[in-house]
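Because only heavy atoms are used, hydrogens play no part in the values below, and waters and symmetry mates are left out as well, while side chains stay in. Given the structure is predicted, the values throughout are model-derived calculations rather than measurements.
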Number of protein chains: 2
Amino acid sequence: MSEFDPQLSTRHQILAEALSCFASAGYEGTSLNDIAAGVGIRRPSLLHHFGSKELLYQEVFENLLSDWFDRLADAIGSLETGWIKVELVLRAGFRFFADNPNYVRMVRREALDAGDHMAVDLAAVLRPMFDLAASYFERAMDEGIFVRQDARQLLITGYGALLSYFSDEPFLEGLLDVSPLSPEALAAREEHVVAFFRAALIP
Amino acid sequence: MSEFDPQLSTRHQILAEALSCFASAGYEGTSLNDIAAGVGIRRPSLLHHFGSKELLYQEVFENLLSDWFDRLADAIGSLETGWIKVELVLRAGFRFFADNPNYVRMVRREALDAGDHMAVDLAAVLRPMFDLAASYFERAMDEGIFVRQDARQLLITGYGALLSYFSDEPFLEGLLDVSPLSPEALAAREEHVVAFFRAALIP
DNA sequence: CTACCGCTACCTACCGGTAGGTAGGTGCTG
DNA sequence: CAGCACCTACCTACCGGTAGGTAGCGGTAG
């Protein structure tokens, strides 16, 4: 096996299955047997690849964060300014979440727990980016490009608007008539979010 | 014991402790020993009051829902119309959540799980209210009172904006400098949410 | 008044089941 | 032969739940 099909290696299969399990059942609700069974091996074999449940969880989470940062880097680093840039970042975030709803559900669970099983200090990791974004908005508001608002509250609202749709997808499934993750529903959601923030920000 | 101090009865103490535990650690993450210890009794004594963990959880959740409905009934039933009414409901919801952040965290966990341990079909319970609110908004948009928008998406965004702040409070604690539940922070959040939706709805 | 009854709230001790983790062996591959 | 991936068998800890016993209360019959 080894090298010539890296994405199908047992290790990667375990990581993928673990992400799915942790996202849908949470850390406590997922047993190593569940993950091992999904891959088609026994629990001790899984523990041969990852020393402990906690280590496996951490690695899943670190992959999640680095994927996320990579994906956002382009949009954030773009040379656009003002609303164009905000819309770019908003859409990039939305599409990343749409592609990886399991990531969103895992982050949401981590935000809910925040410190219990201190696998990753999510807040500490995101704080620099949060502060940067806040001061970006404040500068733009000073210049009159955006309507004056509480920048941090705005970011929290954006965070909630983006994440909730995907994290609570199992719930929204029962509230709507179409699957929240169907292409039409996703498109409608994306346009709504963009329109909503445009309305609140453009003078 | 019996009747003359109902709010301090063992039963109520158990319900309160269970709410707190389920909210912060989830259903799987909470053991009956945790709850019993918080009350100062043994697990079998707890099970004497509530036949099983599942029954205890259901009772906690049903109390939550009925509290919630009671609190919102006034605002929804008010004779106000247009934006005034929306603001009234928004503020009533916000204050109820601010008073009961544990409720929010429990609902959020239920929305994340949605159907796993089918304790309560939250979506089915809320759906009538959701549909009612959506058609209210659509009618108001037809009459030109509100800006034309996707009413259901709007409601989901409101749901996310209200809930996320409280459900992810442990996380936001690390992202901000002040406690998200401090009076000043709460006031700032409430005004932001109201202002945000006013901007998006008022023509 | 008291002796007994039935009931509630609590306890200790225990059950079967499952969790995460370890020890040690087997077989394939370079 | 060395090393890796995987296995079976086993461990301890803890889970939800049950069995069975006890202390204390209010009512009531002798």
Reading 5' to 3' through nucleotides 13-30 of chain C, protein heavy-atom contacts under 4.0 Å coded B for base, S for sugar-phosphate only, - for none: B-----SBBB--------
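When only modelled atom types and interatomic distance are considered, B/H49 and B/T10 share no side-chain donor-acceptor pair under 3.5 Å. A/R108 and B/S164 share a side-chain donor-acceptor pair at under 3.5 Å. Between the side chains of A/D168 and B/Y159, at least one donor N or O sits under 3.5 Å from an acceptor N or O.
Between A/H49 and D/dC6, a side-chain N or O to OP1/OP2 separation shorter than 4.0 Å is present. OP1 or OP2 of D/dC6 has not a single side-chain nitrogen or oxygen of A/H48 nearer than 4.0 Å. For the OP1/OP2 pair of D/dA5 and a distance below 4.0 Å, the side-chain nitrogens and oxygens of A/T10 include no atom meeting the criterion. Distances shorter than 4.0 Å separate some side-chain N or O of A/S45 from OP1 or OP2 on D/dC7.
In terms of the salt bridge (charged side-chain N to carboxylate O under 4.0 Å, His left out) criterion, A/R43 has no residue partners (sequence neighbours excluded). In this structure B/D177 satisfies the salt bridge (charged side-chain N to carboxylate O under 4.0 Å, His left out) test together with A/R127, sequence neighbours excluded.
Crowding of A/R71 atom CZ: a count of heavy atoms from other residues, nucleotides or ligands under 6.0 Å exceeding 12.
Across the protein-nucleic acid pair, B/L46 atom CG and C/dC11 atom C1' stand 14 Å apart, rounded to whole Å. The distance from atom CD1 of A/I41 to atom P of D/dC6 is 6 Å, rounded to the nearest whole Å.
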